[in-house]
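Worksheet: one structure, shown below.
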2 protein chains.
Amino acid sequence: MPVSIVLFEDNDRLRESLAYLLNSDPNYTVTGDYNNCNQAAEIIEELAPDVVLMDIDMPGKTGISGVAMVKQTRPDTAVIMYTVFEDDERLFQCLCAGANGYLLKKTPPARLFDAIQEVLNGGAPMSPNIARKVLNSFQQKTDNLYNLTDRETDVLQLLVKGNSIKVIADELNMAFDTVRSHLKKIYLKLHVNCGKEAIAKALNEKLI
Amino acid sequence: MPVSIVLFEDNDRLRESLAYLLNSDPNYTVTGDYNNCNQAAEIIEELAPDVVLMDIDMPGKTGISGVAMVKQTRPDTAVIMYTVFEDDERLFQCLCAGANGYLLKKTPPARLFDAIQEVLNGGAPMSPNIARKVLNSFQQKTDNLYNLTDRETDVLQLLVKGNSIKVIADELNMAFDTVRSHLKKIYLKLHVNCGKEAIAKALNEKLI
DNA sequence: GTAATAATCACTCAAATGAGTGATAGGCTA
DNA sequence: TAGCCTATCACTCATTTGAGTGATTATTAC
């Protein structure tokens with residue numbers, strides 16, 4: 001049985017050539033193609049495709065909501081983003097929404113077949129630049145954007161683990177009030193008003 | 001000028017066949033091969049290779065420290081992990097340490113050439129399973145491992161943003177004491193003792 | 001129909017925290 | 001040398017929070 005594919009892509013010409021290309025191989029069949037993903041849930045429910053190719057920029061709902069909808073209604077359908085965008089913002093939104101692959105439109109069309117095979121085999125096809133961005137995102141540590149001193153960093157590190165002031169003081173061999181003094185400066189520098197906000201900010205921005 | 005490569009791999013036989021394989025193509029040259037990465041910094045400093053292939057399990061320092069050392073002394077050298085391990089623990093440690101690729105040893109040797117090209121072109125070669133794990137790591141939400149109720153989740157979500165109890169109460173239109181009541185149950189379920197720990201745990205384990 | 005759970009709210013008390021103010025000592029720099 | 005920053009510590013005061021206890025209502029499960 002051929003691999004069933006659904007396309008969401010608002011450029012009619014591109015969508016039709018993609019369908020034509022994929023259908024040209026008997027191992028693949030495009031069972032549906034749409035110029036928007038507003039009804040993605042219903043469509044996926046009905047067609048139950050193996051793979052979805054999803055554009056991002058479409059009238060109505062974006063492909064980002066699109067992925068989420070597809071994944072929510074049928075988690076087994078593999079979704080490969082197919083877009084011109086390579087900004088971090090949209091990229092990571094798609095990944096968080098559950099995309100299983102991310103190809104740039106400059107990908108040679110022949111590579112699409114590989115990508116589909118890859119995603120069906122439990123892989124995650126990505127254009128090289130995208131893969132690099134994804135890996136880089138693990139190399140945390142925004143370098144000290146807020147000009148924390150060494151000692152302040154020590155304190156923040158322990159705070160972020162959920163320690164109380166008393167424990168931090170103990171750990172760093174300093175007086176209780178010294179820790180509070182550092183904390184006040186940290187809050188100032190991070191523009192927050194309390195430890196909880198500081199922890200949230202530090203973890204979200206990978207300051208530690 | 002051929003691509004210069006350094007190998008860190010403690011299995012002598014494997015290391016030698018890798019060197020032989022890579023050297024067999026005039027576009028590549030193995031300028032050094034070592035059975036441990038204890039002196040990685042000095043070696044990289046001296047040889048300044050384009051690419052490093054790094055095993056993880058080696059006597060002395062692990063390949064995880066290895067990547068860190070290489071990247072610290074010469075960020076421009078691309079490091080590709082080459083290992084049998086595919087557990088999340090080591091994988092993400094390597095990525096955080098700065099690895100630019102991650103191949104499993106079951107990778108067909110011929111694919112190594114592609115991978116090296118890919119990493120030199122700014123990509124991030126990964127075995128399919130690895131790429132999938134990496135993408136999956138973005139799909140947060142460990143599903144409610146701690147059996148939080150809907151309302152508790154609401155509260156935790158706001159707490160994690162650094163909000164005070166008062167603000168949370170306001171936001172969710174409930175009494176101050178109701179929020180505290182929910183928080184107590186949340187702390188119980190998460191096995192923590194205070195809001196700061198809860199935030200740290202929630203963010204680290206992507207509970208929200 | 002009763003037991004269990006979730007969601008709501010109230011009250012107390014002690015501990016933790018944030019804010020404000022100020023002080024001392026060491027190091028660096030202009 | 002004077003000025004500035006960092007790290008250290010102290011004290012006060014009001015607010016926030018954690019902990020303990022208890023109660024009501026609605027919904028779900030058995």
Side-chain angles (χ1 to χ4, degrees), chain A residues 72 140-208, chain B residues 72 140-208:
Chain A
Q72 198 157 11
Q140 50 215 75
K141 200 101 153 210
T142 326
D143 0 56
N144 206 349
L145 196 50
Y146 297 95
N147 292 314
L148 296 181
T149 67
D150 290 353
R151 217 52 177 147
E152 285 161 5
T153 305
D154 292 342
V155 172
L156 183 55
Q157 261 166 4
L158 289 172
L159 183 76
V160 161
K161 290 183 184 151
N163 294 299
S164 68
I165 296 181
K166 203 180 287 182
V167 172
I168 296 174
D170 238 52
E171 205 80 31
L172 296 177
N173 290 312
M174 56 174 71
F176 182 83
D177 275 317
T178 306
V179 177
R180 300 214 294 174
S181 172
H182 284 304
L183 282 176
K184 277 174 230 173
K185 282 181 220 139
I186 292 171
Y187 298 165
L188 257 183
K189 290 183 179 178
L190 297 193
H191 308 298
V192 298
N193 298 305
C194 66
K196 293 184 299 178
E197 276 188 273
I199 294 174
K201 188 155 192 165
L203 286 177
N204 279 320
E205 303 189 11
K206 299 184 183 173
L207 297 181
I208 292 299
Chain B
Q72 196 154 15
Q140 49 217 73
K141 202 97 151 212
T142 325
D143 359 51
N144 207 348
L145 196 50
Y146 297 95
N147 292 311
L148 295 182
T149 66
D150 290 352
R151 218 53 177 144
E152 284 160 6
T153 305
D154 292 342
V155 172
L156 184 55
Q157 261 165 4
L158 289 172
L159 182 75
V160 161
K161 290 183 184 150
N163 294 300
S164 68
I165 297 181
K166 203 181 287 183
V167 173
I168 296 174
D170 238 49
E171 205 80 31
L172 296 178
N173 291 312
M174 56 174 72
F176 182 84
D177 276 315
T178 307
V179 177
R180 302 213 295 175
S181 171
H182 284 304
L183 281 177
K184 279 174 229 171
K185 280 181 222 137
I186 292 171
Y187 297 165
L188 257 182
K189 290 183 180 178
L190 296 193
H191 307 300
V192 299
N193 297 305
C194 66
K196 292 184 299 178
E197 278 187 88
I199 294 174
K201 188 156 193 164
L203 286 177
N204 279 320
E205 304 189 10
K206 300 183 183 172
L207 297 181
I208 292 301

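Here is the naming used below: chain letters follow the sequence lines, and residue numbers restart at 1 for every chain. Below, all heavy atoms of this structure are taken into account, side chains as well, without hydrogens, waters or symmetry copies.
- Using a distance-only test at 3.5 Å, with no hydrogens or angles considered, a donor-acceptor pair links the side chain of B/K189 to the main chain of B/N147.
- Mapping B/C194 and B/E152 onto DNA chain C by nearest heavy atom places B/E152 closer to the 5' end of the strand.
- Interatomic distance, CD of A/Q157 versus CG of A/L172, reported as 9.0 Å (0.5 Å rounding).
- A straight line from CD of B/E197 to P of C/dT17 spans 11 Å, rounded to a whole angstrom.
- Side-chain proximity of B/A175 to C/dA7, C/dT21, C/dC9: nearest is C/dC9.
- Here the CG atom belonging to A/L159 is positioned 9.5 Å from the CD1 atom belonging to B/I199, to the nearest 0.5 angstrom.
- Heavy atoms only, all atoms of each residue included: B/A198 and B/Y187 are closest at CB-CE2, 3.8 Å.
- Distance CG (B/L183) to P (C/dT8): 13 Å, rounded to an integer number of Å.
- In this structure, A/E197 contributes its side chain and A/N193 its backbone to a donor-acceptor pair below 3.5 Å.
- Going from atom CD1 of B/I186 over to atom C1' of C/dA7 covers 13 Å, rounded to whole Å.
- For A/G162 against B/C194, the heavy-atom pair with the smallest separation is O-SG, 4.1 Å.
- Counting heavy atoms from C-beta outward, A/H182 and A/T178 have side chains that approach closer than 4.5 Å.
- In this structure, B/N173 atom CG and C/dT8 atom P are separated by 10 Å, rounded to whole Å.
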Nucleotide by nucleotide, 5' to 3', does protein get under 4.0 Å of the base (B), only the sugar-phosphate (S), or neither (-) in nucleotides 22-30 of chain C, counting heavy atoms?
-> ---------
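- Within the nucleic acid shown, A/T149 comes within 4.0 Å of sugar-phosphate atoms alone, with no base atom in reach, counting heavy atoms only.
- The stretch residues 159-172 of chain B has no heavy atom under 4.0 angstrom from DNA chain C at all.
- With rounding to the nearest 0.5 angstrom, the NZ atom of A/K185 is 12.0 Å from the CZ atom of A/R151.
- Side chain of B/M174, nearest nucleotide from C/dA19, C/dT8, D/dA19: C/dT8.
- Residue B/K184 contributes atom NZ, which lies 16 Å from atom C1' of C/dA6 at whole-angstrom precision.
- If you take NZ of B/K185 and P of C/dA6, they are 8 Å apart, rounded to a whole angstrom.
- Over its full length, the helix from C/dG1-D/dC30 to C/dA30-D/dT1 turns its helical axis through 50°, comparing axes from the five pairs at each end and rounding to 10°.
- The CD1 atom of A/I186 lies 13.5 Å from the NE2 atom of A/H191; values are rounded to the nearest 0.5 Å.
- Look at A/K196 and you won't find any side-chain N or O under 4.0 angstrom from OP1 or OP2 of C/dT17.
- Nearest to the side-chain atoms of B/R180 among the listed nucleotides D/dG18, C/dA7, D/dA10 stands D/dG18.
- Counting heavy atoms from C-beta on, the side chains of B/E152 and B/Y146 never come closer than 4.5 Å.
- Checked against C/dC9, D/dT17, D/dC9, the side chain of A/T178 finds its nearest nucleotide in D/dC9.
- The nearest pair of heavy atoms linking B/V192 to B/K201 is CG1-CD, 4.0 Å.
- If you take CZ of A/F176 and C1' of C/dA19, they are 14 Å apart, rounded to a whole angstrom.
- Taking the nucleotide of DNA chain C with the nearest heavy atom to each of A/D177 and B/H182, the more 5' of the two is matched to B/H182.
- With D/dT8, D/dA19, D/dT6 as the choices, the nucleotide that has an atom nearest any side-chain atom of B/Y187 turns out to be D/dA19.
- Summarising the geometry, the separation between CG on B/D154 and P on C/dA6 is reported as 14 Å, rounded to the nearest angstrom.
- B/I165 contributes atom CD1, which lies 12.5 Å from atom CG of B/L158 (distance to the nearest 0.5 angstrom).
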